[in-house]
Amino acid sequence: MTHLTLYTTLGCHLCEQLEALLGALHQGEYRLERVEISESDALMARYGVRIPVLMDEAGEELDLGFEAPRLAAWLAKRGWLDEAAWQRLEQGRRSSR
């Protein structure tokens, strides 16, 4: 099972977009720990203008993960991308243009 951390804050619509994409594109099971940045001055300083930020177990971060191509590339690099789901999503994005 993949363990991921999402740095977020209440009402973050981009965070919700990232979570929806992650659910669609991640291959296999994962556990997502949500970290509320507003509860820490240090986290606000680090992530306040960058959220949503997705972090893997190795501590590697992804900014702008709500952009499907960025999330797909990040997942693929780790072997976690559901290629068929990504192809369907891309095909749908192309046909809606």
Side-chain angles (χ1 to χ4, degrees):
M1 177 180 293
T2 306
H3 297 270
L4 300 168
T5 302
L6 176 62
Y7 291 93
T8 186
T9 195
L10 185 64
C12 174
H13 69 283
L14 298 176
C15 301
E16 292 170 5
Q17 288 178 13
L18 183 146
E19 285 193 60
L21 278 172
L22 182 63
L25 297 178
H26 189 281
Q27 181 176 308
E29 294 184 30
Y30 65 93
R31 183 177 65 85
L32 185 63
E33 176 186 354
R34 291 166 191 84
V35 176
E36 174 60 52
I37 66 167
S38 68
E39 297 173 359
S40 163
D41 289 340
L43 291 177
M44 282 296 293
R46 182 171 180 179
Y47 297 111
V49 296
R50 296 174 49 208
I51 60 169
V53 175
L54 191 60
M55 181 187 294
D56 66 14
E57 292 175 286
E60 292 186 39
E61 298 177 349
L62 171 67
D63 291 2
L64 305 176
F66 57 87
E67 295 177 356
R70 289 180 59 84
L71 179 59
W74 193 80
L75 293 171
K77 181 178 175 184
R78 289 154 181 80
W80 301 336
L81 179 63
D82 180 333
E83 293 285 347
W86 172 236
Q87 289 175 5
R88 285 190 302 274
L89 182 67
E90 272 295 278
Q91 191 172 39
R93 288 167 30 117
R94 278 188 236 123
S95 65
S96 67
R97 291 182 188 165

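All values reported here derive from a predicted model rather than from experimental measurement.
- Thr2 meets the side-chain hydrogen bond (donor to acceptor under 3.5 Å, both in side chains) test with His26; sequence neighbours excluded.
- The two residues Leu21 and Phe66 come nearest to each other via the heavy atoms CD1-O, 3.2 Å.
- Residues forming a side-chain hydrogen bond (donor to acceptor under 3.5 Å, both in side chains) with Ser40 (at least two apart in sequence, or on another chain): none.
- Taking Ile, Leu, Val, Met, Phe, Trp and Tyr as hydrophobic and joining them when side-chain heavy atoms fall under 4.5 Å apart, one finds Met1 isolated, its cluster having no other members.
- Screening residues 52-89 for disulfide bond (SG atoms under 2.5 Å apart), with sequence neighbours left out, gives no hits.
- Pairs engaging residues 27-78 under the disulfide bond (SG atoms under 2.5 Å apart) rule: none recorded [sequence neighbours left out].
- Hydrophobic clustering, with ILVMFWY side chains joined whenever heavy atoms are under 4.5 angstrom apart, groups Leu81 together with Leu32.
- Applying the side-chain contact (heavy atoms from CB on, under 4.5 Å) test to Glu33 and every residue at least two apart in sequence or in another chain returns Thr5, Arg31, Val35.
- For Glu19, the side-chain hydrogen bond (donor to acceptor under 3.5 Å, both in side chains) partners two or more places apart in sequence, or in a different chain, are Arg34.
- Not counting sequence neighbours, the partners of Tyr47 by the ring-ring contact (aromatic ring centres under 6.0 Å, His included) test are Tyr7.
- Atom CG of Leu14 sits about 12.0 Å away from atom OG1 of Thr9, to the nearest 0.5 Å.
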Could you go through residues 50-60 and list every donor-acceptor pair under 3.5 Å that involves a side-chain atom there, pairing it with any protein atom two or more places apart or in another chain?
from	atom 1	to	atom 2	distance (Å)
Arg50	NE	Asp63	OD1	3.4
Arg50	NE	Asp63	OD2	3.0
Arg50	NH1	Arg46	O	3.4
Arg50	NH2	Glu61	OE1	2.6
Arg50	NH2	Asp63	OD1	2.9
Asp56	OD1	Ala58	N	3.0
Asp56	OD1	Gly59	N	3.0
Asp56	OD1	Glu60	N	2.8
Asp56	OD2	Arg78	NE	2.7
Asp56	OD2	Arg78	NH2	3.4
Glu60	OE1	Arg78	NH2	2.9

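- Within the structure, disulfide bond (SG atoms under 2.5 Å apart) contacts touching residues 3-89 (residues at least two apart or in different chains) are Cys12-Cys15.
- Residues Trp80 and Leu4 come closest through the heavy atom pair CZ3-CD2, 3.7 Å.
- The side-chain contact (heavy atoms from CB on, under 4.5 Å) test applied to Ala85 returns Leu25, Asp82, Arg88, not counting sequence neighbours.
- When the side-chain hydrogen bond (donor to acceptor under 3.5 Å, both in side chains) test is applied to Gln17, no partner is found at least two apart in sequence or on another chain.
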